[in-house]
Amino acid sequence: MHIMHCRQQIFRQSVQNSFRQLMADTNDIRGARLSLLRLQEVYNMKSLDMIEGNYLGFKGPPLGPRDAFEIGQTAFTVGKLNISLDWLTLSLQMYRSLHGADVEQMLFRPSEGSIKALIGRVHLFRGDDDEAERLYNEAKILDPTNGDVLELGKELQIKPRAEPIPTVDYFQNFSRLCSLENRNYPADPSNPKIRCRYREALLPYYRFKEEILSISPFASVIYDFVSEDESKHLKSFVENKLERGKVGGNNSVISDIRTSDLAWIWDNDSTKAKTLAKKIEHVTGLDTSQRLPDGPSSGEAFQVVNYGLGGHYEVHMDPFDAAPEQGELQYSGERIATFLIYLSDVQRGGSTVFTRVGIAVAPKKNMALFWYNFDPAHQKDDLTHHAGCPVLIGQKWICNKWIWTYGNTFRRRCGLTPDATQLDIEEDMKHGYKWH
Ligand SMILES: O=C(O)CCC(=O)C(=O)O
Ligand SMILES: [Fe+2]
C-alpha cells in the first residue's frame, strides 16, 4: 500500500514537474503533449483512461477538457488523425457536462464551434468530406470568425482534395516489443545457440554471466557488469553537465526523434572511467583505447544519458552515415560495436528493442547490452535497427560506449567461411584462427 502510494506520488510529481517546467516555453509544452501521445500509442492506452489519470494501472493527475482539446490539436498537427478525433470528441463531451465549476479548465475555453471545426478538419483529412461539411455548417453558426472554422471553410473549397493521410502502422512491431516487460526476449528462442554462458574477462576467475539474445547480428546482455560504485560514479560525474541529446551529423540537431539529456566522460576524466573502459576491453576482447589529443581512437567517450517521463529514442542504427572527418575521432573508422550499460532500473517502459529481429531488453540496473553493428564481413548490419522505448513511469539512465574500427582489425576478425557468425569466429579464434 505504502509503495503504491509512493509510486503514485512520484508519478504525479513527475507529470506535474514536466507540465510545470514546460509552462515557460511553448515548444516544450508541445513536446510534453507529443510525449503523452507517444506513450498512448506505444503502450495502447485509452484516452478515457488517461483522462481519469489511469496510466496502465498507475495513478496520475486527471486531465480536463482543455487538456483534451490541446492534446487533440497537437495530434492533428502531426497527422495522428484517429487519436486526434478521439481526444477532440472527448473534449467536446467534457465541456458539455462541465458547469463552470472548474475555473482553470473554463479559462481560455475554446468555443464549441472551434472544437467542431477542428473535428471537421480531422474528418476532411481522413477523407470523410460529408461529415466535414456537416460539422462546418454547425460550426459556422456557432463561431463564424474562428480560425479553424475559416480554415475548414477554405479547405472544403479545394477540389480535387488531397489524398487522405494514410494511417501509420510501421511501428506495430516497435509497439509490440515495447509492451513486453519484466524480462529479456531473444530474437529466436528456439535456436539452441540462444543460451546463457559465462564470458571470461582476461583471467579465468574474472567472469560474467552472459545471456545471448541473437546470433546474427550478435547481441547479448551481461549481468552485473558494473558495480554500484561505478554506476553511481558515472551518474554523479555528469551532474550539472547534462544537455539535451541531439541527432544527425556531428550530433547537432535537437529533435523529437531523441528526447533525453546527456553528457560525455572521456577515459582520462577519471580513474574509474579508465578502469571501466579496460573492463569493457577485457570482456569484449576489443580495443577501446583513446589516443588523445591527435591519435585515432578505438573507443568513444562514455555517453551518459538520462531519459525522463516519456523520454525515448526512435528506431535508428548507431553507425554514422559517414564517419566524422574532423575532431578526435578522425581516422578511427566506424562504430563497429555498441556497449550499453543500464545505470538504473525503469519502473515501467524504457526497454531497448531491436525492431527487425524482434529483441526486447528490459533495463536492469548494472547490466550491459552488447552488440555488433557490422556483420563479420564488415558490412553495416541493417538488422541492428533499434530504439529506446518511451519511459512510462520513472527515469532511465544508460551509458553508451561505442567501439571503433581502429585497433580492432585483428581483434574482431572476419569469418573463415562466408556464412560464419560471431560465435563461429570466436570459436576459430580460440583455435588460433586457422583455416579448417
Ligand atoms: O535507450 C536505449 O535503450 C537505446 C539508446 C540508443 O540506442 C542510443 O543511445 O544510441
Ligand atoms: Fe542506438
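The first residue in the sequence is number 1, and the count goes up from there. Order of appearance sets the numbers: ligands from 1, and atoms from 1 within every ligand.
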Close approach, H312 and ligand 1, non-hydrogen under 4.0 angstrom: no
Please report whether the ring centroid of H316 lies less than 6.0 Å from that of H386. yes
Compute both the distance and the angle, then confirm whether R412 meets the cation-pi test with Y372: under 6.0 Å from the six-membered ring centre, within 45 degrees of the axis. yes
F174 six-ring centre to R176 NZ/CZ under 6.0 Å and within 45° of normal: no
the protein heavy atom lying closest to atom 7 (O) of ligand 1 turns out to be H386 NE2, 2.9 Å
Is the shortest N/O to N/O distance between Y342 and ligand 1 below 3.5 Å? no
Does only the side chain of V305 get under 4.0 Å from ligand 1, or the backbone, or both, or neither? Count heavy atoms. neither
Does ligand 1 have a heavy atom under 4.0 Å from the side chain of V361, from its backbone, from both, or from neither? neither
is_close_aromatic(F225, F339), centroid dist under 6.0 Å: yes
So for T338 against ligand 1, with non-hydrogen atoms under 4.0 Å, the contacting part is neither
Which protein non-hydrogen atom lies closest to atom 5 (C) of ligand 1, naming both residue and atom, and how far is it? Y307 OH, 3.5 Å
Quick check: are there more than 12 heavy atoms from other residues, nucleotides or ligands sitting under 6.0 Å from NZ of K46? no
